[in-house]
There are 2 protein chains.
Amino acid sequence: MLKAAFREVKEIIRDRIVEGVWKPGELIPNEIDLAVEFGCARATVNRAVRELAEEGLVERRRKAGTRVLASPVRRAQFEIPIVRKEIESQGQIYRHAVVGQKVNKAPDWLRARMNLDIGALALHVTCVHYGDNNPYQFEDRWINLAALPHAADADFTKTGPNEWLIEAVPYSDAEISFSATAADKELASYLDCAVGDPLFLAERSTWWRGDAITYVRMTFQRGHRMTTKY
Amino acid sequence: MLKAAFREVKEIIRDRIVEGVWKPGELIPNEIDLAVEFGCARATVNRAVRELAEEGLVERRRKAGTRVLASPVRRAQFEIPIVRKEIESQGQIYRHAVVGQKVNKAPDWLRARMNLDIGALALHVTCVHYGDNNPYQFEDRWINLAALPHAADADFTKTGPNEWLIEAVPYSDAEISFSATAADKELASYLDCAVGDPLFLAERSTWWRGDAITYVRMTFQRGHRMTTKY
DNA sequence: CAGTGGTCTAGACCACTGT
DNA sequence: CAGTGGTCTAGACCACTGA
């Protein structure tokens, strides 16, 4: 068998949709009929069509049947690697430098974002990540000490806060957002660019079962791009 | 049945991994043993573990078994909607204006990017998308006329080029990339911001079975963010 | 070559929901 | 209430690959 049967079925159905045999908004035949047509078990058709639904090409509803979506929802998927691996995968030599590490009372904007109590303590760590000694990313991180008390004593010079956290604590939920920002004086000096330069910014918050763990702003060197195929 | 059995199994296994019962790098029991433990069919365990593998939590190999990944590859998924729907889903009124539409010889950078012949013709369309009459996105698009000759005569005033293309032609492959850019004079005027302001930029190329269809630069209003949970 | 996952089947029952 | 998809099962054979 060159291909799994369910993949064949999936491709045939996908082709019929893009070729317009089954048009947007229309119903496609039910699973039993398709199984008969393709000479396979209903479960095989089910898996094929289920995956097409996950890809956003069709919509399935009990009793109503399977409908071709009018505007296929395209989904782009990005892998979020550890910055060290990202740099090393480009064949560059990784290095990082911790430029600040201090326990603070969490500022109001952070308390709001992470849902912390008044007076809550947070560890503020900043560091710069280099690839082949060129600045690659500036990391500005806050760690909730109520959730992770022993973070206060951690040594981030060997293992960056990013990797330290991954080993120290799992997380159940994360939110990430991307935007553009202008370099301020601090960023300009760390990332070796001009004040006002447009920089790509990624922000991430993570939680473990309701408790905020960390919030981080990752600002990338000038010209950074995040690319994917889909 | 409150939950499908395979979802229960999936949750239990996921929990054991994050709790450290099965540690990174270790093998988890094989499907038959798990099926016995959970009192279900092997196919049920298979679906649960297969989905965990798709999520990047474990790695499966025949004969070798299923291994917990050391650094779980986290994947963030974004939906790429049509700009009109994006705006309307925020409860705003959508409108767009075509500000340029003209057939050109494809410039060299475009020929390189889309793999076009020397002298190939391309349609260059620019338009601005508004939400509640505030500029939201500037769209700067090139369409390969060799692949889509009748695009030259299209009227993009009713339906934007984005939606027109989706109806006119399917695509098999797409590449999208995100970065930050500074507003030039043109962008500043269309997006109502200052020259030099940092703007979020999305670029997308699409192909249909090897032939380039279109390349588009979508520059967003100041402060635009793209957010997702994962 | 033997163990593990990959897939398929035929049949069954169930859950949801349009009519 | 009837049709469609959602899920499960028990068993089977196969494909890959580590030992």
Where does DNA chain D pair, written as one dot-bracket string 5' to 3', with Watson-Crick or G-U pairs under 3.5 Å, ( ) inside the strand, [ ] for crossing pairs and | for another strand?
||||||||||||||||||.
Side-chain donor or acceptor of B:E59 paired with backbone N/O of B:G25 under 3.5 Å
no
Whole-Å distance between [N] [atom2] and [X] [atom1]?
X     : N      : atom1 : atom2 : result
A:D33 : D:dG5  : CG    : C1'   : 13 Å
A:N46 : C:dC14 : CG    : C1'   : 14 Å
A:N30 : D:dG6  : CG    : C1'   : 14 Å
A:F6  : C:dC8  : CZ    : P     : 6 Å
A:I32 : D:dA2  : CD1   : C1'   : 13 Å

Go through it in stages, so that I can follow the logic: the residues are A:L27 and A:T66, the test is side chain to side chain contact (heavy atoms under 4.5 Å, CB included), and I'd like the CA-CA distance, side-chain angles, deciding distance and then a yes or no.
CA-CA 5 Å; A:L27 291 176; A:T66 299; 5.9 Å; no
Show the distances under 3.5 angstrom between N or O atoms of the protein and N or O atoms of nucleotides 9-12 of chain D.
{"unit_1": "D:dT9", "atom_1": "OP2", "unit_2": "B:A41", "atom_2": "N", "d": "2.8"}
{"unit_1": "D:dT9", "atom_1": "OP2", "unit_2": "B:T44", "atom_2": "OG1", "d": "2.5"}
{"unit_1": "D:dA12", "atom_1": "N6", "unit_2": "B:R42", "atom_2": "NH1", "d": "3.2"}

May I ask you to check whether [X] and [Y] place their ring centers less than 6.0 Å from one another?
X      : Y      : result
B:Y215 : B:W109 : yes
A:F156 : A:H96  : no
A:F200 : A:F178 : yes

A:Y130 meets the side-chain hydrogen bond (donor to acceptor under 3.5 Å, both in side chains) criterion, sequence neighbours left out, with none
Under the side chain to side chain contact (heavy atoms under 4.5 Å, CB included) criterion, do A:E51 and A:F6 qualify, and how do the steps go?
CA-CA 10 Å; A:E51 292 194 357; A:F6 81 89; 3.7 Å; yes
Do B:E11 and B:R16 pass the salt bridge (Lys or Arg N to Asp or Glu O under 4.0 Å) test, and can you show the C-alpha distance, the side-chain angles, and the key distance before you say yes or no?
CA-CA 9 Å; B:E11 286 314 307; B:R16 288 194 188 166; over 6 Å; no
Step by step, would you call A:Q137 with A:E139 a side chain to side chain contact (heavy atoms under 4.5 Å, CB included)?
CA-CA 6 Å; A:Q137 181 198 95; A:E139 174 179 356; 3.9 Å; yes
Looking at residues at least two apart in the chain, or sitting in another chain, which of them share a salt bridge (charged side-chain N to carboxylate O under 4.0 Å, His left out) with A:E203?
A:R113, A:R217, B:R225
Step by step, work out the salt bridge (Lys or Arg N to Asp or Glu O under 4.0 Å) result for A:E26 and A:R67.
CA-CA 5 Å; A:E26 286 181 7; A:R67 194 173 293 279; over 6 Å; no
Of all of residues 47-67 of chain A, which get a heavy atom below 4.0 angstrom from DNA chain D, listed by number?
A:R60, A:R61, A:R62, A:K63, A:G65, A:T66
Using a 4.0 Å cut-off on heavy atoms, which residues in residues 9-26 of chain B reach DNA chain C? List them by number, or say none.
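Here the set is empty: none.
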Between B:E175 and B:R204, is a salt bridge (Lys or Arg N to Asp or Glu O under 4.0 Å) present by the stated rule, with each step listed?
CA-CA 6 Å; B:E175 182 179 297; B:R204 180 167 54 183; over 6 Å; no
Mind running side chain to side chain contact (heavy atoms under 4.5 Å, CB included) on B:T214 and B:R141 for me, showing each step along the way?
CA-CA 7 Å; B:T214 184; B:R141 183 182 292 274; 3.1 Å; yes
